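No hydrogens, no waters, no symmetry mates; every other heavy atom, side chains included, goes into these values. As the structure is a prediction and not an experimental result, all values here were calculated from the model.
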Amino acid sequence: MAAKQFVALLFLTLVLIFVNASAIPSNRLKSLNIIKEVNRKGPYVGLITVYPPEENAFFASKAFKPDGKHPFVDLSGRRFRVGKVQGKKVIYVRCGVGMVNAAAATQQMLDMFDLTGIVHFGIAGNVDNSMSIGDVTIPKQFAHTGIWDWLNPNGTLPANDIAELDFGSYNVPKGDGMNLLGKIGYSYEQFFSKSGKPNTAIPLFWAQISERWLQLAAGLEGMELERCVNSSACLSQKPKLVVGLRGSTANIFVDNAAYRDFLYQTYAVSSVDMESFAVVMTSLSNGYPVIVIRGLSDLAGGQTGQNAIQTFGPLAARNAAQAVVKFIGYLS
């Protein structure tokens, strides 16, 4: 009787294995097998950019040396590239624009690969008049400035909102009439952490960059950065790299002088982008060190005339990529 039960149990187990395996698409199964092989050579540093111009700048540096056997693995529509930078093993991916893409790609990378931490890099808008286009910023903390309580003109902000943007304050002439857009209250993110109580979030506004990696990044200050896009388009001054400022993230491309000034005056941020907070929070939630390196491509609406991102975006991306390559060299 016991033997028959054992045979039946064995048969059921084999059926379940077969069903589960057959439920996985063949291309995904192939990718998972490659990832298993790749992880045997780990751990790796995870590298995440956002869109093609940033990726082009990174690969143009020729610092990335693809793995001979498995140079990449495709998973869920993204291509994860395997290789080395400065002799350090890395996994690189382009996440796509916006916070959902950034969080999804970061979580997928952390779940699937054997990593030591995440380096996120690309370009950003500049909202700090002490900084210039072409400069590189490595912030110490990021805020998600896109979680809003949008109220009627006479609405009362929740007591725990951090700041208020009253559209009526921007009427022209000032104070003339009522602005029906009302006002916005800025709220907290909900942060879940592997070190916290399960299923219990804590309010988070400023996400802190990993202190040890920030200390390493301080060695980048003073590094040589590029001034010219080409022979006919150069910056008027030498770009600089600054460590320890603040950054703002939201699913908004900021190209408005009034909102630019509001963000700087209210939160003392120096850069604005659409992904960094998502990468930082996802990494911290999983207990991994993370750092963000962004080249400033435009003035986020503070300019006269057209936004400079089309002209100086490639230069900002190259300067950020150079800083990333040098930073990776500092990692043990």
Side-chain angles (χ1 to χ4, degrees), residues 13-52 54-59 61-122 192-195 210 213 275-276 278-293 321 324-325 327-329 331-332:
T13 302
L14 291 173
V15 168
L16 288 173
I17 292 172
F18 175 77
V19 169
N20 288 336
S22 62
I24 301 174
S26 59
N27 59 341
R28 183 175 179 83
L29 200 57
K30 179 182 177 183
S31 295
L32 294 176
N33 287 330
I34 292 174
I35 290 171
K36 191 181 296 184
E37 285 190 45
V38 167
N39 282 336
R40 291 195 186 106
K41 299 179 182 178
Y44 299 84
V45 177
L47 307 179
I48 301 177
T49 56
V50 178
Y51 79 135
E54 297 164 347
E55 181 172 85
N56 295 341
F58 175 59
F59 288 128
S61 72
K62 300 190 184 305
F64 179 81
K65 310 298 181 186
D67 183 78
K69 184 177 181 183
H70 296 300
F72 63 85
V73 54
D74 295 334
L75 190 66
S76 303
R78 291 188 176 90
R79 176 157 290 185
F80 294 83
R81 300 181 186 271
V82 185
K84 289 185 178 181
V85 172
Q86 299 273 58
K88 309 298 194 305
K89 298 172 184 177
V90 300
I91 305 285
Y92 163 87
V93 72
R94 171 162 51 92
C95 67
V97 174
M99 297 184 71
V100 173
N101 276 324
T106 304
Q107 188 63 59
Q108 190 173 39
M109 182 178 266
L110 292 172
D111 284 342
M112 302 307 296
F113 295 96
D114 180 13
L115 301 182
T116 57
I118 297 285
V119 179
H120 175 50
F121 62 102
F192 294 85
S193 170
K194 72 171 229 172
S195 60
S210 306
W213 279 16
E275 298 82 22
S276 293
V279 175
V280 172
M281 190 173 105
T282 304
S283 300
L284 296 178
S285 182
N286 287 274
Y288 286 84
V290 61
I291 196 166
V292 176
I293 300 175
V324 168
V325 170
F327 174 77
I328 292 172
L331 295 175
S332 58

[X] side, atom [atom1]; [Y] side, atom [atom2] - distance, nearest 0.5 Å:
| X | Y | atom1 | atom2 | value |
| --- | --- | --- | --- | --- |
| M112 | L75 | CE | CG | 5.5 Å |
| N39 | I34 | CG | CD1 | 12.0 Å |
| L331 | K88 | CG | NZ | 6.5 Å |
| R94 | N101 | CZ | CG | 10.5 Å |

Show the numbers, then the answer: is there a side-chain contact (heavy atoms from CB on, under 4.5 Å) between T106 and S283?
CA-CA 7 Å; T106 304; S283 300; 3.7 Å; yes
Minimum heavy-atom separation for [X] to [Y], with atom names?
| X | Y | value |
| --- | --- | --- |
| F64 | V90 | CE1-CG2, 3.7 Å |
| C95 | A102 | SG-CA, 3.9 Å |
| L115 | Y288 | O-CE2, 3.3 Å |
| V290 | S210 | N-OG, 2.9 Å |

Side chain to side chain, [X] and [Y], heavy atoms closer than 4.5 Å:
| X | Y | answer |
| --- | --- | --- |
| F58 | L47 | yes |
| R81 | F59 | yes |
| K194 | N286 | no |

Quiz question: by atom type and distance under 3.5 Å, do the side chains of E275 and H120 form a donor-acceptor pair?
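H120 and E275 do not have a side-chain donor-acceptor pair below 3.5 Å.
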Verify the distance criterion only: is there a donor paired with an acceptor across the side chains of T49 and Y92 at less than 3.5 Å?
yes
Does [X] use its side chain to pair, donor to acceptor, with the backbone of [Y] at less than 3.5 Å?
| X | Y | answer |
| --- | --- | --- |
| S31 | D74 | yes |
| D114 | K41 | no |
| D67 | V82 | no |
| E54 | Y51 | yes |

Run the numbers on Y44 and F113 for ring pair (Phe, Tyr, Trp, His ring centres under 6.0 Å), then give the verdict.
CA-CA 8 Å; Y44 299 84; F113 295 96; 7.3 Å; no
Worked verdict on V45 versus F327 for side-chain contact (heavy atoms from CB on, under 4.5 Å)
CA-CA 11 Å; V45 177; F327 174 77; over 6 Å; no
CA sep, side-chain torsions, deciding dist, call: V38, I91, side-chain contact (heavy atoms from CB on, under 4.5 Å):
CA-CA 10 Å; V38 167; I91 305 285; 4.1 Å; yes
Q108 vs F80, test: side-chain contact (heavy atoms from CB on, under 4.5 Å). Steps then yes/no.
CA-CA 10 Å; Q108 190 173 39; F80 294 83; 3.5 Å; yes
K84 NZ: over 12 foreign heavy atoms closer than 6.0 Å
no
